[in-house]
Amino acid sequence: MTFDSLNGDVKPRILLMGLRRSGKSSIQKVVFHKMSPNETLFLESTNKICREDVSSSSFVSFQIWDFPGQIDFFDPTFDYEMIFRGTGALIFVIDSQDDYVEALSRLHLTVTRAYKVNPDIHFEVFIHKVDGLSDDHKIEKQRDIHKRANDDLADTGLERIHLSFYLTSIYDHSIFEAFSKVVQKLIPQLPTLENLLNIFISNSSIEKAFLFDVVSKIYIATDSSPVDMQTYELCCDMIDVVIDISCIYG
Ligand SMILES: Nc1nc2c(ncn2[C@@H]2O[C@H](COP(=O)(O)OP(=O)(O)OP(=O)(O)O)[C@@H](O)[C@H]2O)c(=O)[nH]1
C-alpha cells in the first residue's frame, strides 16, 4: 500500500476512472451515500476530480477520487504522477451496454501510465451495467473484455500487469460485493481478521461470518469458506432492517 506523504495523508486512495457516462459517480453515490439506483439517472456529469474521505471504522479508511470521463494525460495541469504515486487501487469502469472498444484503449493507456509510476497499484476493472444482460451474455462479455485487455498488455510486453475483473450493477448487490473485494486488498489486517472469523465459526454453530462496515455494506473480511451471493444479500438486507428499526427507536 502506498501513502501520500506529501500531504501528510495516510489514507490509501481508490481512483474511479472510465469513459464519460460509464457510471463512476453512480457507483460512489449508491455505495457510500445510500442514493437509490433510480436517482442516479439525474446525476450531472462530473467535470473535475471529486475527492471524498471514507472512514467509518479504523479498518475502512480510504479516499475515493471520482474522475471526469475524459482526462488528458498530456494536460500539464494534471499531475498524474503525484496522483498515481499515492494510489492503492484503480477501478476502471466499462459500460457493458455500450461499445467498449474506446473504453479498452483508454483502459490500456491508463493502466500502463499508472503502472510506470506505481507498480503496486491494484488494477480493478468493473464491467458495469450488466443488469440489462442475460447470464450467458454476461459471461461472454467478461471473457471478451478479459481477453482483449490482456492481449493489449501482452502486445506491449506488459503481461505482468494483473487486472481483476468484476461484473457489476448498481441495481443489485454486485456493486457492493465488488467494492468489498477492492477494499479488502487495501486492508493490511485482512489475514488476521480472516483467521479470527475462522476461529469464530469453528467454535460456534454459525455457518458463515462476515465482518461488515454497516454504513456502506462493504464486507471487510469473511471466513475462508466460499462466499455465496445469496447469503451476502441476506446479510445486507438484515443490516437495512436493523438500520431502519434503529432510526425509528434508536
Ligand atoms: N442500467 C444501469 N445504468 C447505470 C448503472 N450505473 C449507472 N448507470 C446510469 O449511467 C448513467 C451515467 O452515470 P454517471 O454515474 O453519471 O456516469 P459517470 O461515469 O460518473 O459520468 P461522467 O461524470 O460524465 O464521467 C446514469 O444515467 C446512471 O443512472 C448500472 O449499474 N446499470
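For ligands, and for the atoms within them, numbers begin at 1 and follow the listed sequence.
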### Query
Do you see a donor-acceptor pair shorter than 3.5 Å between the side chains of Arg21 and Ser45?
no

### Message
Could you tell me if Ser134 and Asp136 have a donor-acceptor pair between their side chains, going purely by distance under 3.5 Å?
### Response
no

Nearest to [atom], what protein heavy atom do you find, and at what distance?
atom                    : result
atom 23 (O) of ligand 1 : Thr46 N, 2.6 Å
atom 31 (O) of ligand 1 : Ile170 N, 2.9 Å
atom 1 (N) of ligand 1  : Asp131 OD2, 2.9 Å
atom 19 (O) of ligand 1 : Lys24 NZ, 2.7 Å
atom 3 (N) of ligand 1  : Lys129 CD, 3.7 Å

From the options [options], select the one whose nearest heavy atom is closest to [atom].
atom                    : options              : answer
atom 24 (O) of ligand 1 : Gly23, Ser45, Ser96  : Ser45
atom 14 (P) of ligand 1 : Cys50, Ser169, Ser26 : Ser26
atom 12 (C) of ligand 1 : Glu44, Arg21, Lys29  : Arg21

### Validation row, ring centre Tyr115 to ring centre Phe84 under 6.0 Å
no

### Thr40 and ligand 1 - part of the residue with a heavy-atom distance under 4.0 Å
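Thr40 to ligand 1: contacts from backbone and side chain alike.
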
### Residue Leu41 vicinity, atoms of ligand 1 by number, heavy atom under 4.0 Å
27 (O), 29 (O)

### Query
Which of the atoms of ligand 1 are close to Gly69, meaning less than 4.0 Å from one of its heavy atoms?
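In order of numbering, the contacting atoms are 25 (O).
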
Side chain or backbone, does [X] bring an N or O within less than 3.5 Å of an N or O on ligand 1?
X      : answer
His128 : yes
Asp66  : no
Tyr171 : no
Leu43  : no

Heavy-atom count check: over 12 atoms from other residues, nucleotides or ligands less than 6.0 Å from [X] [atom1]?
X      : atom1 : value
Lys116 : NZ    : no
Met238 : CE    : no
Glu102 : CD    : no

### Message
Keeping Asp144 on the side-chain end and Glu140 on the backbone end, is there a donor-acceptor pair under 3.5 Å?
### Response
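A pair under 3.5 Å: no.
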
### Message
Just to check, does Gly18 reach to within less than 4.0 Å of ligand 1 when the distance is taken from its heavy atoms?
### Response
no

### Lys NZ or Arg CZ of Lys181 over Phe179 ring: under 6.0 Å, within 45°
no

### Task
Could you walk me through whether Thr168 and Ile127 pass side-chain contact (heavy atoms from CB on, under 4.5 Å), step by step?
CA-CA 6 Å; Thr168 57; Ile127 302 170; 6.0 Å; no

#### Entry: Those residues that, when tested against Glu159, pass side chain to side chain contact (heavy atoms under 4.5 Å, CB included) (two or more places apart)
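Residues passing side chain to side chain contact (heavy atoms under 4.5 Å, CB included) with Glu159: Ala154.
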
